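Below is one structure, written out as structure tokens, with a few remarks after it.
Keep in mind that this is a model prediction, so the values were computed, not measured.
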Amino acid sequence: MSPQMSAVMLGVDDLDRAKRFYAEGLGCEIDKDTRHFVSFRLGEGSPQLALYEWEAAAKDAGVPPEGSGFRGSSFHLNPDSRDAVDETMRKAVAAGGSVVREAAPAPWGGYFGYFADPDGYLWKVTTYAS
């Protein structure tokens, strides 16, 4: 049996700030919204995105909450044009994120950039459109 991913959960320092970033800033549709947890629908064929308070998420997993730096993963958005890449990057910054790598042409022919959400999670926004 092959596993099927249903959700990606991010531990966040400030749940309200993170919820505003994803819902208002990036336009993600809220599915569930509780005191310690928020989930979003990301569209057909995508797993849900869930936000959980950092310390509660660590406790749930049975691990210590300390740790920082590169977490060994990034999340990818693939819009269909360079303009959409630039617009997504602008929306992320306007919502409180930061540019990690400016969007620019790639050696392989595409176009991409990276932003970090307010908790430092990396998002790559890329298109193969010329």
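- The minimum heavy-atom distance between D86 and A103, with the atom names listed, is OD1-CB, 3.6 Å.
- Atom CD of E87 has more than 12 heavy atoms from other residues, nucleotides or ligands within 6.0 Å.
- In this structure, F115 and V125 have side chains that are in contact, with non-hydrogen atoms separated by less than 4.5 Å.
- Taken together through direct or relayed side-chain contacts under 4.5 Å among Ile, Leu, Val, Met, Phe, Trp and Tyr, Y52 and V12 form parts of separate hydrophobic clusters.
- The minimum heavy-atom distance linking G25 with A95 is given by the pair CA-CB, 3.4 Å.
- Between F37 and L15, the shortest heavy-atom distance links the atoms N-CD2, 3.5 Å.
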Pair T126-W108, side-chain contact (heavy atoms from CB on, under 4.5 Å): steps then yes or no | CA-CA 12 Å; T126 187; W108 40 264; 3.3 Å; yes

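- Without hydrogens or angle criteria, S39 side chain to K32 main chain gives a donor-acceptor distance under 3.5 Å.
- Ring geometry, Y114 versus F112: the interplanar angle exceeds 60°, so the pair is classed perpendicular (tilted spans 30 to 60°).
- Annotation: side chain of I30 is in contact with side chain of F40 (closest heavy-atom distance under 4.5 Å).
- Open room surrounds OH on Y128; 12 or fewer heavy atoms of other groups in view lie less than 6.0 Å from it.
- In this structure, the side chains of C28 and L42 come closer than 4.5 Å at one or more pairs of heavy atoms.
- Scanning all heavy atoms of the two residues, the minimum distance from L51 to K19 falls at CD1-N, 3.8 Å.
- In this structure a side-chain-to-backbone donor-acceptor pair under 3.5 Å is missing from W123 to D117.
- Side chain to side chain, H36 and T34 fail the donor-acceptor criterion of an N or O pair below 3.5 Å.
- R35 approaches E53 most closely through the heavy-atom pair O-OE2, 4.1 Å.
- For the pair P105 and R82, the minimum side-chain heavy-atom distance is below 4.5 Å.
- Between the side chain of D119 and the main chain of D13, a donor-acceptor pair closer than 3.5 Å is present.
- Transitive grouping of hydrophobic side chains (ILVMFWY, heavy atoms separated by less than 4.5 Å) brings F21 and L10 into a common cluster.
- Side-chain atoms of Y111 never come within 3.5 Å of backbone atoms of S81 as a donor-acceptor pair (strictly under, hydrogens ignored).
- Atom NZ of K124 and atom OG1 of T88 lie 14.5 Å apart (nearest 0.5 Å).
- Here the shortest heavy-atom pairing between A57 and M9 reads CB-CE, 3.7 Å.
- Residue R90 holds its CZ atom at 7.5 Å from CG of D83, rounded to the nearest 0.5 Å.
- Here D31 contributes atom CG and R41 contributes atom CZ; the two are 4.0 Å apart, rounded to the nearest 0.5 Å.
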